[in-house]
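By convention in this document, chain letters (A, B, ...) are assigned in the order of the sequence lines, proteins followed by strands, and residues within each chain are numbered from 1.
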There are 2 protein chains.
Amino acid sequence: MKKRVSSAKRSTGVTRPGPEPGYHHGELQEALIAASEAILAEQGAEGFTLREAARRAGVSPAAPSHHFGNAQGLLTEVAIRGYDALAGALREAASGKPGAREKLHAQGLAYVDFALRHPGRFQMMFANKRLVADDARLRQASRAAGHAFEIVVAELVGGTPKGAKTAAAAAWSTVHGFAKLALEEKFGSVKNEAGRREVMMTLNQVLNYLWPASGPRPQA
Amino acid sequence: MKKRVSSAKRSTGVTRPGPEPGYHHGELQEALIAASEAILAEQGAEGFTLREAARRAGVSPAAPSHHFGNAQGLLTEVAIRGYDALAGALREAASGKPGAREKLHAQGLAYVDFALRHPGRFQMMFANKRLVADDARLRQASRAAGHAFEIVVAELVGGTPKGAKTAAAAAWSTVHGFAKLALEEKFGSVKNEAGRREVMMTLNQVLNYLWPASGPRPQA
DNA sequence: CGATCTATCTGAACAGTGTTAAGATAGATA
DNA sequence: TATCTATCTTAACACTGTTCAGATAGATCG
């Protein structure tokens, strides 16, 4: 009696045109993660809903629970991948630069560039209340991203590990705060490419001010 | 036929024990704002709901719309007051300190202290998507808070206005990023007073690193 | 003083949300 | 071939924000 046409609408998902076989989806986890990232890219962090993700993956609203427990579980997986991507971008930015200061500058630019290009994902990565905050893999992924700054900064300050911790906290705080404020349009519009370019130039000045080419910064 | 006992339950609100007269509430705006701030203080930004605010004010869920349009309107008013409080805290922190560097340090500490003591309100102030982002009063209140840094920093860098803008952006970014990361527990727990104190000491080191007592910072 | 006017609030409804429980389905296993 | 088990659906629940017609009460005016 039940129509059971639901398998038909499964072909209208956002899932990439891969296998996507029979009834048992087979790749539902990946499909849900991909759908979630698509929503975050299109609508931002506030636009995400679990039902919409399920809709795009072509399954019922209850399906995700079996794989991720709840919405937090799914978003945690998305956040982990986000941290991995961010850490990769930071490593890549630093590699190839000659000195420690150049590495730090490149990392700072890469950090904010990541945030401005993937605002929804970035906001979600730092929305602890929407994630399983004590998830071990999430914590490690986050730590790895933060650690990218420590590595570069340790080279900059030739001091104790404690000094490196402080300097890394300073660097992370500055670029993170700049990214957050920029996303809230405190430095002008970042909706178009021109606005983003201007904001990135402001960031460049900030970095030059806080970590000048050499010696002291112009100061009273 | 309608019972009309609803006026009875109005006495069970969170509203301060002031007049709170007859049927027409008379101070519903203030009651809703106070209720919203209470929710933010107890449950954080994610815990706020318009219905709960109405519940605490002792009115129906539809009542707020008449005064604030929608939830964004109410939250915008809350955010404006938050910015005013923040700007006041920043001004007060700077006043009384002798030099520009001391003023900046005090402001930075006050900024993060505000964020850690009122996390829900702070998060909401910077959640543009939940506010009427282009509200004139909100924008001005936000600008005023950011301007507090410019005033102090202009005294620090004896240069052009453009240099002051850059230095203010740097200071704001650093303390804002530190506050955000601290609230997401990236520097350890901030749930109890001891954790917050430790985090504030880390902030102090960061400020000392970025704006050292005099001259250059220890650097390769 | 009494009638009308107007701002304020209620009641009820709507579409949408996350989550849960019970049952159907299909691939894997014995 | 029969059973087992992971996976997914259906249906329901308690919420949410918002809208609209109507009730209410304080203010205004004849």
* Do we see a donor-acceptor contact under 3.5 Å between the side chains of T174(B) and T174(A)? -> yes

* Scan T49(A) against the nucleic acid and name what it touches under 4.0 Å (heavy atoms): base, sugar-phosphate only, or nothing. => sugar-phosphate

* To do: Using a cut-off of strictly less than 4.0 Å, decide whether R51(B) has a side-chain nitrogen or oxygen near OP1 or OP2 of dT17(C).
  => no

* **Whole angstrom value for the distance that separates P of dT18(D) from CG of L74(B)** => 10 Å

* Asked: Quick one: do the K97(B) and Q107(B) side chains pair a donor with an acceptor below 3.5 Å?
  -> no

* To do: Compare side-chain N and O positions of H67(B) against OP1 and OP2 of dA7(C) and report whether any pair is under 4.0 Å apart.
  => no

* To the nearest angstrom, how far is E46(A) atom CD from dG18(C) atom P? -> 13 Å

* Integer-rounded Å distance: dG17(D) C1' and H66(B) NE2 -> 17 Å

* So which of R137(A), Q29(A), H67(A) actually passes side-chain hydrogen bond (donor to acceptor under 3.5 Å, both in side chains) with E77(A)? -> R137(A)

* Asked: R130(A) has an atom CZ; how far is it from atom C1' of dT19(C), in whole Å?
  -> 15 Å

* Structure fact -> Among dT20(C), dT18(D), dC8(D), the one nearest any side-chain atom of N70(B) is dT18(D)

* To do: In whole angstrom, give the distance that lies between atom CZ of R55(B) and atom P of dG11(C).
  => 14 Å

* Asked: Cut-off 3.5 Å, side chains only: do Q72(A) and K129(A) have a donor facing an acceptor?
  -> no

* Measure from CD on E27(B) to P on dG26(D) and round the result to the nearest Å. => 14 Å

* Name the nucleic acid region contacted by A63(B), choosing base, sugar-phosphate or nothing; use a 4.0 angstrom heavy-atom cut-off, strictly under. => base

* **Integer-rounded Å distance: dC8(D) C1' and Q29(A) CD** => 12 Å

* **Aromatic contact, Y83(B) with F126(B) (centres under 6.0 Å)** => yes

* Sugar-phosphate only, base, or nothing, as touched by A62(A) at under 4.0 Å among non-hydrogen atoms -> base

* Using whole Å, report how far CG of L50(A) lies from P of dC8(D). => 14 Å

